[in-house]
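As structure tokens, the structure follows; a few thoughts come after it.
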Amino acid sequence: MAVSIENATIRERALLHLRRFPNMTPNEIFNIPFDLTQDGIASVLGISRAHASLELKKLKETGKVDDWQAHIKGSGSRRKAYYLLQDGAAEAEILWKKLESSGISVEALLDMKRCDPGVMWESLSVKDKETFGLACVFRVPVPRKTLPETNTGVIPADFFGMTCISESVRDKYLSLADPENAKVWHSRAADWWMDNDEDDQERLHHLVKAGRNTEACKLILRRSEEFLENPNEDLLMTMKEMTVIPKYAESFYKIKAKVALDCGDLEGALACADMLADFLTNDATMIRAEAYMLSGDAEKGFELISLLFSEEPSSRTTVIAAKCLFKMKRYDEASELLDSSCEVLSNNNDATNIDDILLLRAGIAYDRGKIDEALSYLSKARRASRKDRAKERIDALSNNIKSGKNVNFG
């Protein structure tokens, strides 16, 4: 099927969008356009931030894009910005030429932002303000029929009947609105997501903004597997804004710590560990060990986890301890640790992290130059994994190894 405005995939539009910034690479550090951040890409493509995070991770794992820390225009802090790698640029070029030869405007295809309503706030009636306020809390396109009718054309809609207020207009209006009214709008949006879609991250965002913290905590715990399948900065930011209900605190901080670790927020993960220390479990130690390892201090991480591992060998303590040794390039010790743990884990029927253990074995074999052995372990890891994201990463590692590319198991 030829690429067109109607059937272009999110993946294709992301590649085409990044192609518009050929000079924006890690060589540039200052004044990087907002459109190259995760939030900017989500806004341009008209998708949720969670969806953008998922697509960008897939493109990164398949060697199409990469990211770097840069100063974004209009922002005082550094954020991740994305750019095309050689393979991604080549694919985007082919797509661009196909569209142009078919008479399709690439700019029209990519312009998923909605125009400003062009109406001064003071001119809106009370009814229009309520409708527009509700429209403003939605961060991604929703059907126009979701919103109450108005007597004016204050709510824009596209050809497909979808509406999404541009971020600049949305933020400006909500900053002027009564905070209690905004909570009501967020509450209605949360209920809409529950009834009409399975985007739990958007529903969670609205529950938190509406102050419905008990429901937000229950949602995180109930759908923890789905949230942990796609950890991202927007999810972490939402969790940071939450007021945690005491009865759910222990489970909440475990999940938040995992999200923080995946997003590289090591200070946030350590803060969660401090909160978990009050519950007198081993989770705080495991989180601290993993945070130190990811920060580059694998020796300190191993020092923490080794004592716990000797007292309570589990699949998780095994993985963390072996990862620390792997980071320190102590491959023999990592292999011995994994070998000695297999029988214990088998006797305890503990196979929760078997795919991670097999991935570690693949990494050790690869770093030792044993390519066939590494591919064999990757094949076993794929069969053992139950998560689509993990399978995609394993497939990317296998394909890159087979094509002779250097890979990093760290």
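It should be emphasised that the depicted structure is a prediction, and the values quoted were computed from it without experimental measurement. Atoms considered below: every heavy atom in the structure, side chains included; atoms not considered: hydrogens, waters and symmetry mates.
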Problem set entry | Least distance between heavy atoms, Thr281 atom then Leu276 atom | OG1-O, 4.4 Å
Exercise. So Glu28 and His71, side-chain contact (heavy atoms from CB on, under 4.5 Å) or not? Walk me through it.
Worked result: CA-CA 9 Å; Glu28 301 292 329; His71 291 277; over 6 Å; no
For this session: For residues 319-330, pull every pair meeting salt bridge (charged side-chain N to carboxylate O under 4.0 Å, His left out), keeping only residues two or more places apart or in separate chains.
Result: Arg330-Glu333
For this session: Please step through salt bridge (charged side-chain N to carboxylate O under 4.0 Å, His left out) for the pair Asp66 and Lys80, ending with a clear verdict.
Result: CA-CA 10 Å; Asp66 204 351; Lys80 278 185 181 179; over 6 Å; no
Exercise. Any ion pair linking Lys129 and Asp178 (charged N to carboxylate O, less than 4.0 Å)?
Worked result: no
Problem set entry | Residues that Asp367 engages under side chain to side chain donor-acceptor pair (under 3.5 Å), provided they are two or more places apart | Tyr331
For this session: Kindly give the heavy-atom pair with the smallest separation between Gly268 and Ala260, and that separation in Å.
Result: C-CB, 4.2 Å
For this session: State which residues pass side chain to side chain donor-acceptor pair (under 3.5 Å) with Arg223; sequence neighbours excluded, sorted by chain then number.
Result: Asp200
Problem set entry | Residues in side chain to side chain contact (heavy atoms under 4.5 Å, CB included) contact with Pro22, at least two apart in sequence or another chain | none
For this session: Considering non-hydrogen atoms only, spot the tightest contact between Ala390 and Ser385 and give its length.
Result: CB-OG, 3.3 Å
Problem set entry | Set of residues satisfying ring pair (Phe, Tyr, Trp, His ring centres under 6.0 Å) with respect to Tyr377, sequence neighbours excluded | none
For this session: Inspect the contact between Lys209 and Glu241 and indicate whether a charged nitrogen and a carboxylate oxygen are less than 4.0 angstrom apart.
Result: yes
Problem set entry | Pairing residues for Glu61 by the side chain to side chain donor-acceptor pair (under 3.5 Å) criterion, not counting sequence neighbours | Arg389
Exercise. So, Asn408 side chain and Asn406 main chain: donor-acceptor pair closer than 3.5 Å or not?
Worked result: no
Problem set entry | With Arg222 via side chain to side chain contact (heavy atoms under 4.5 Å, CB included) - residues at least two apart | Arg203, Lys218, Leu219
For this session: Using a strict cut-off of less than 4.0 Å between a Lys/Arg side-chain nitrogen and an Asp/Glu carboxylate oxygen, indicate whether Lys240 and Glu233 qualify as a salt bridge.
Result: no
Seminar exercise, completed: Here the side chain to side chain donor-acceptor pair (under 3.5 Å) pairs for residues 284-299, sequence neighbours left out, are Asp274-Arg288
For this session: Using the test ring pair (Phe, Tyr, Trp, His ring centres under 6.0 Å), find all partners of His205 that sit at least two apart in sequence or belong to another chain.
Result: His186
Exercise. Do Asn232 and Gln38 pass the side-chain hydrogen bond (donor to acceptor under 3.5 Å, both in side chains) test, and can you show the C-alpha distance, the side-chain angles, and the key distance before you say yes or no?
Worked result: CA-CA 10 Å; Asn232 56 79; Gln38 179 181 300; 4.5 Å; no
Exercise. What do the steps show when you test Ile255 against Leu228 for side-chain contact (heavy atoms from CB on, under 4.5 Å), and what is the final call?
Worked result: CA-CA 8 Å; Ile255 297 169; Leu228 291 175; 4.1 Å; yes
For this session: Over all heavy atoms of both residues, which pair between Val65 and Leu56 is shortest? Give the atoms and the distance, please.
Result: CG2-O, 3.9 Å
Exercise. Between Tyr366 and Phe409, what is the ring plane arrangement, given parallel below 30°, perpendicular above 60°, and tilted in between?
Worked result: tilted
For this session: Starting from the C-alpha separation in whole Å, work towards a yes-or-no answer on salt bridge (charged side-chain N to carboxylate O under 4.0 Å, His left out) for Arg139 and Asp39.
Result: CA-CA 11 Å; Arg139 304 188 297 178; Asp39 288 353; over 6 Å; no
Exercise. Heavy-atom count around Glu229 CD within 6.0 Å, excluding the residue itself: above 12?
Worked result: yes
Seminar exercise, completed: Sorted by chain and residue number, the ring pair (Phe, Tyr, Trp, His ring centres under 6.0 Å) partners of Phe309 (sequence neighbours excluded) come out as none
Exercise. Residues in side chain to side chain donor-acceptor pair (under 3.5 Å) with Asp87, at least two apart?
Worked result: Lys405
Exercise. Taking the six-membered ring where the residue is Trp, are the ring centres of Trp68 and Tyr82 under 6.0 Å apart?
Worked result: no
Problem set entry | salt bridge (charged side-chain N to carboxylate O under 4.0 Å, His left out) contacts in which one or both residues fall within residues 248-258, not counting sequence neighbours | Glu250-Lys254, Lys254-Asp283
